[in-house]
Amino acid sequence: MSSCDNPNVEQDSLMTRRKKYDGKTKACVKCKENTGHVVIRHAVYCKSCFFPLIEARFKKSLEPTINSSGPRRKTLKAAGSLVIGFSGGIGSRTLLDLVAKTYYAPREVDEEKLRGGTNHPRNKEQGVWTGKPIVCFVDTSSAFSNTSLVEEARIIVESYPGVFDFRPILLEDAFDQDWWRKVGGDLSESASGLGLDITDQDLRLSYASTSTSECSPQTALRAYLASLPTRTAFYNAIQTLTRVLLLQTAASENASHLLLGTSLTSLSVNLISGIAQGAGFSVAEEAIEEWTPEPGCGMKLKVVRPLRDVGMKECAMWTYWHNLNVIPSLNAVENNGRNAIHTLTRDFIFGLETDYPATVSTIARTCAKLAPKETPSGVCLLCQRPTHAEVQAWKAQISIRTYHDAASAVSGNTRPPHLTENEIASLTKKTQDDLSTSSNTLTPFLCYACHTTLTSRSSRGTTLTLPPGISPTNIPIPRWITQPMALSPQRSNFLNADGEVFQSLKQTPEDLKSRIEGFILSDE
Amino acid sequence: MPPKICVLCEKSKAMVKRPKTGQIVCRDCFFYVFETEVHNTIVQSKLFNPGDRVAIGASGGKDSTVLAYVMKTLNERYQYGLELFLLSIDEGITGYRDDSLETVKRNQEQYDMPLKILSYDELYGWTMDAIVSQVGRKNNCTFCGVFRRQALDRGAAMLGVDHIVTGHNADDIAETVLMNIMRGDIARLGRCTAICTQGEDTIRRSKPFKYAYEKEIVMYAHFKKLDYFSTECIYSPDAYRGHARAFLKDLEAARPSAIIDIIHSGEAFEVREEIKATQKIQQTCQRCGYMSSNTLCKACTLLEGLERGMANSGITDKARKKLDAAGPTPDNIRTIPFFKPPSGSPAVTIDVPL
């Protein structure tokens with residue numbers, strides 16, 4: 001097939017595929033002398049023009065974000081330190097190399113020509129960021145029961161001697177009280193027993209004094225992932241945990257910038273995947289975001305993706321021509337993620353990039369023109385991204401899941417016509433009883449996408465089982481959720497200083513009457 | 001194994017698993033929630049006022065047939081006070097539209113609604129059969145889509161209606177959100193999730209099935225035994241939409257809520273103000289008076305290309321330049337009659353069921 005590759009379409013109705021490159025010759029479009037080596041979005045570049053092109057795009061995306069707001073300065077000077085999120089993939093490998101070569105390569109100086117000598121403040125080498133940059137590698141092997149790739153990552157990072165500090169993070173750290181203390185959080189023993197009742201559509205929070213609080217972080221991680229309703233949720237949860245672990249670590253290092261190696265292709269995948277999972281409100285955050293940690297836990301952090309204008313193919317060419325090693329993706333992601341939205345989107349976008357490279361950049365450019373329709377009402381406790389109010393009201397408005405609302409219309413034409421008034425009354429009463437005990441839920445603190453991740457089901461669920469000793473009614477939750485939930489006004493409904501559990505239950509007149517029944521004398 | 005019980009009424013045997021919620025429900029509860037959700041959409045979006053004259057865009061397919069049935073049901077149940085009409089466009093596709101129009105004519109009798117059929121031939125002097133014979137199958141959907149939009153408005157103006165409702169469902173809207181992002185159509189992306197659109201001088205156009213899953217519409221038609229026409233258009237292949245549709249089906253299979261999640265995403269964002277300022281201002285076509293972003297509307301541009309034997313002039317810039325180079329528009333070509341906004345009373349004779 002020569003074109004759009006849609007098997008349902010007849011041949012003569014297809015768009016013809018555009019030529020691979022526009023020029024009539026294979027000469028480089030930049031220097032116009034050398035023979036081209038690579039085609040980037042229909043333009044041919046030679047090897048020697050390719051490297052400055054990528055460096056220029058990298059700097060163009062990163063440098064406007066470096067100086068903290070204020071008067072324009074000639075020199076680049078960030079407010080804090082630098083943290084780089086490193087996955088070992090092509091994008092982050094290219095990012096690491098570009099950062100090392102652009103900002104940490106030793107300068108060649110002719111000491112004789114320097115005015116004032118090498119120790120003069122003018123000639124003293126001043127880094128853009130304070131301190132030594134930290135490279136964080138989030139090890140996700142526990143989620144897939146795979147071999148850890150930390151050592152491979154360490155070798156790569158240490159191949160730049162003295163440039164970076166290597167900081168491995170485990171995915172299960174998200175459930176580790178010790179890690180949480182290290183990054184600045186503090187958690188009372190009682191609050192650590194908070195868990196999630198995943199069997200409850202309202203995501204009720206529960207308290208367990210033993211199992212959840214005592215299980216290892218690895219078991220807690222596995223329990224959390226196994227409790228998720230779909231494969232989409234499984235992979236989304238890993239992405240979210242990784243992202244927030246990086247944010248919290250960066251904040252604890254007093255970093256002003258967190259750099260991620262998201263290429264243009266990966267950005268497009270994330271954008272479409274996010275939209276397909278209901279994260280449209282925070283679509284702009286995918287390209288560039290600012291995160292404010294809890295007071296006293298660090299400075300405002302800019303999350304920058306400096307390769308957002310560089311495609312996956314260009315990153316691959318960069319690593320290939322510089323002979324850089326990359327860490328292969330975890331096999332588990334490749335094989336088991338086929339029915340996850342992120343993986344489906346990735347396959348779709350990668351397919352598009354092969355034949356229609358412009359479409360991939362169009363997606364990113366289009367999404368860059370979007371902004372949230374409403375002012376954010378807060379930050380989602382799980383993903384730490386802006387959220388807006390009335391998420392639940394919207395969900396309830398578009399689909400009827402109970403007959404609760406039929407109560408007001410029990411005798412009108414809006415009630416279910418096939419049910420009697422008594423039947424509706426009993427269904428309605430039951431629903432109200434459910435509501436009265438579901439006040440302690442995580443739902444109001446989540447954005448639409450995170451709530452959907454935890455609640456939306458599919459016939460193709462995950463095949464994972466809960467670790468022994470973990471109850472589905474008390475699933476461990478990440479530490480950054482436990483603390484604010486324990487400290488929120490809801491705490492009054494939950495825990496006192498001694499860790500005792502309190503719950504407020506709405507009581508009906510019938511309930512009250514039954515309590516005092518023995519004390520009321522009958523009229524007879 | 002005992003039969004599964006409906007999770008809503010907790011008494012009847014469950015008959016369907018709702019694609020939208022994943023709940024297993026009985027037939028009666030399914031009818032009730034499907035209809036009530038459409039009613040909620042209509043009420044919360046304040047789509048109608050009592051006494052409105054509303055045309056239902058009817059193609060004879062499942063979506064518009066269910067829409068006509070549900071609109072009639074809700075109008076009677078909740079006393080909307082609407083005057084309902086069926087409005088069909090005959091694109092002139094032999095073996096497809098002629099058959100589906102027979103279904104619409106039966107619907108007219110079944111639902112006791114007046115019907116108006118407006119043909120491309122009558123309006124533009126071209127049938128889709130004739131257009132395809134000149135342009136081939138490639139790009140023919142561009143002609144059909146542009147001509148149909150204008151034809152519906154013109155048909156509605158002839159009927160003197162205030163409002164057109166179409167059978168676009170949640171799947172169609174989610175697909176359009178994805179497509180507009182992928183092709184960078186920022187203007188359409190900004191408005192494609194709106195339940196009701198209205199340009200200057202044009203009639204309000206709404207999608208009451210905005211949150212209704214296509215699968216549920218099919219289920220509803222099946223259980224209600226509605227009479228609808230189920231053949232795909234013989235010229236239908238739209239390669240780009242085909243891609244988006246196949247992708248959406250994969251997403252839905254992975255997680256059924258994906259459709260509604262995409263719509264929620266589309267509703268949650270908007271085009272940045274500074275980008276909006278750079279978009280073209282809506283004006284009226286100098287030739288036919290219909291709304292347009294250029295001096296000539298798309299339908300007039302396409303029609304001129306057809307009339308002058310250069311059909312691609314409305315599709316590619318290169319062909320447009322070739323058309324311009326061929327000289328000014330001749331006086332003897334057919335043009336679209338000047339658009340008259342609705343006056344409130346029908347300007348044409350309509351078929352009323354006996």
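Note that these values count all heavy atoms, side chains included, but never hydrogens, waters or copies made by symmetry. To find a chain, count down the sequence lines: A is the first, B the second, and so on, and within it residues start at 1.
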Chemist: Check whether A/Ile275 gets within reach of chain B through its side chain, its backbone, both or neither, counting any heavy atom under 4.5 Å.
Modeler: both
Chemist: Counting only non-hydrogen atoms closer than 4.5 Å, does B/Thr41 touch chain A with its backbone (N, CA, C, O), its side chain (CB onward), both, or neither?
Modeler: neither
Chemist: Using the six-membered ring wherever Trp is involved, compare the ring planes of B/Phe31 and B/Tyr220 and label them parallel, tilted or perpendicular (cut-offs 30° and 60°).
Modeler: perpendicular
Chemist: Considering only heavy atoms, which portion of B/Glu267 lies under 4.5 Å from any heavy atom of chain A: side chain, backbone, both, or neither?
Modeler: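 Backbone plus side chain of B/Glu267, per the 4.5 Å heavy-atom cut-off to chain A.
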Chemist: What option among B/Ala174, B/Gly184, B/Ser12, B/Gly22 has the most heavy-atom pairs under 4.5 Å with chain A?
Modeler: B/Gly184
Chemist: State whether the number of non-hydrogen atoms from other residues, nucleotides or ligands found under 6.0 Å of B/Gln134 atom CD is greater than 12.
Modeler: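 Atom CD in B/Gln134 is crowded, with more than 12 foreign heavy atoms closer than 6.0 Å.
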Chemist: Which atoms of A/Arg401 are under 4.5 Å from chain B, going by heavy atoms: the side chain, the backbone, both sets, or neither?
Modeler: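 A/Arg401 touches chain B through backbone and side-chain heavy atoms alike.
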Chemist: Please state whether the side chain, the backbone, both or neither of A/Glu423 comes within less than 4.5 Å of a heavy atom of chain B.
Modeler: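 Side chain only.
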Chemist: Against chain B, label A/Thr453 side chain, backbone, both or neither, depending on which of its atoms sit under 4.5 Å from a heavy atom there.
Modeler: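 When you check distances to chain B, atoms from both the backbone and side chain of A/Thr453 fall under 4.5 Å.
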Chemist: Pair A/Tyr235, A/Ile341 - check side chain to side chain contact (heavy atoms under 4.5 Å, CB included), show working.
Modeler: CA-CA 9 Å; A/Tyr235 289 100; A/Ile341 285 179; over 6 Å; no
Chemist: What residue in A/Thr452, A/Leu419, A/Val283, A/Leu352 has the most heavy-atom pairs under 4.5 Å with chain B?
Modeler: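 Ranked by contacts with chain B, first place is A/Thr452.
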Chemist: In terms of heavy-atom proximity below 4.5 Å to chain A, should B/Gln23 be classed as side chain, backbone, both, or neither?
Modeler: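 When you check distances to chain A, only side chain atoms of B/Gln23 fall under 4.5 Å.
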Chemist: Quick one: what part of B/Leu248 sits under 4.5 Å from any heavy atom of chain A, side chain, backbone, both or neither?
Modeler: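 Looking at B/Leu248, nothing touches chain A.
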Chemist: Do the side-chain N and O atoms of A/Ser273 and A/Thr345 include a donor-acceptor pair separated by under 3.5 angstrom?
Modeler: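 No pair is found: no donor N or O on one side chain lies under 3.5 Å from an acceptor on the other.
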Chemist: What part of B/Ala253 gets within 4.5 angstrom of chain A, counting heavy atoms only: side chain, backbone, both, or neither?
Modeler: both
Chemist: Return the orientation label for the A/Phe281 and A/His388 ring planes: parallel under 30°, perpendicular over 60°, tilted otherwise.
Modeler: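 Aromatic pair A/Phe281/A/His388 classed parallel.
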Chemist: Does any heavy atom of chain B fall under 4.5 Å from the side chain of A/Ala449, the backbone, both, or neither of them?
Modeler: neither
Chemist: Please check if any side-chain donor atom of B/Tyr211 sits under 3.5 Å from a side-chain acceptor atom of B/His264, or the reverse.
Modeler: no
Chemist: Measure up the A/Tyr448 and A/Trp394 rings against each other and bin them: parallel (under 30°), tilted (30 to 60°), perpendicular (over 60°).
Modeler: perpendicular
Chemist: In terms of heavy-atom pairs under 4.5 Å with chain A, which of B/Ile275, B/Asp28, B/Asn40 leads?
Modeler: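 Looking at each option in turn, the highest pair count goes to B/Asp28.
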Chemist: Please check: side-chain N/O of B/Lys20 versus main-chain N/O of A/Ile398, any donor-acceptor pairing under 3.5 Å?
Modeler: yes
Chemist: What part of B/Lys17 is in contact with chain A, defined as an atom under 4.5 angstrom from a non-hydrogen atom: side chain, backbone, both or neither?
Modeler: side chain
Chemist: If you tally heavy-atom pairs under 4.5 Å against chain A, which of B/Leu178, B/Val33, B/Ile181, B/Val25 wins?
Modeler: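 With the most close heavy-atom pairs to chain A, the winner is B/Ile181.
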Chemist: Between B/Tyr78 and B/Tyr80, how do the two ring planes meet: parallel, tilted or perpendicular, split at 30° and 60°?
Modeler: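 Answer is parallel, since the angle falls under 30°.
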Chemist: Suppose we call two aromatic rings close when their centres sit under 6.0 Å apart. Are A/Tyr403 and B/Tyr32 close by that rule?
Modeler: yes
Chemist: Can you confirm whether more than 12 heavy atoms, excluding those of A/Lys373, are under 6.0 Å from its NZ atom?
Modeler: yes
Chemist: Picking from B/Cys26, B/Ala170, B/Pro256, B/Cys29, which has the most non-hydrogen pairs under 4.5 angstrom with chain A?
Modeler: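 Of the candidates given, the most pairs with chain A belong to B/Cys29.
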Chemist: Does any backbone or side-chain atom of B/Lys11 lie under 4.5 Å from a heavy atom of chain A? Answer side chain, backbone, both or neither.
Modeler: side chain
Chemist: So which of A/Pro417, A/Pro372, A/Ser268, A/Ala279 has the largest heavy-atom pair count under 4.5 angstrom toward chain B?
Modeler: A/Pro372
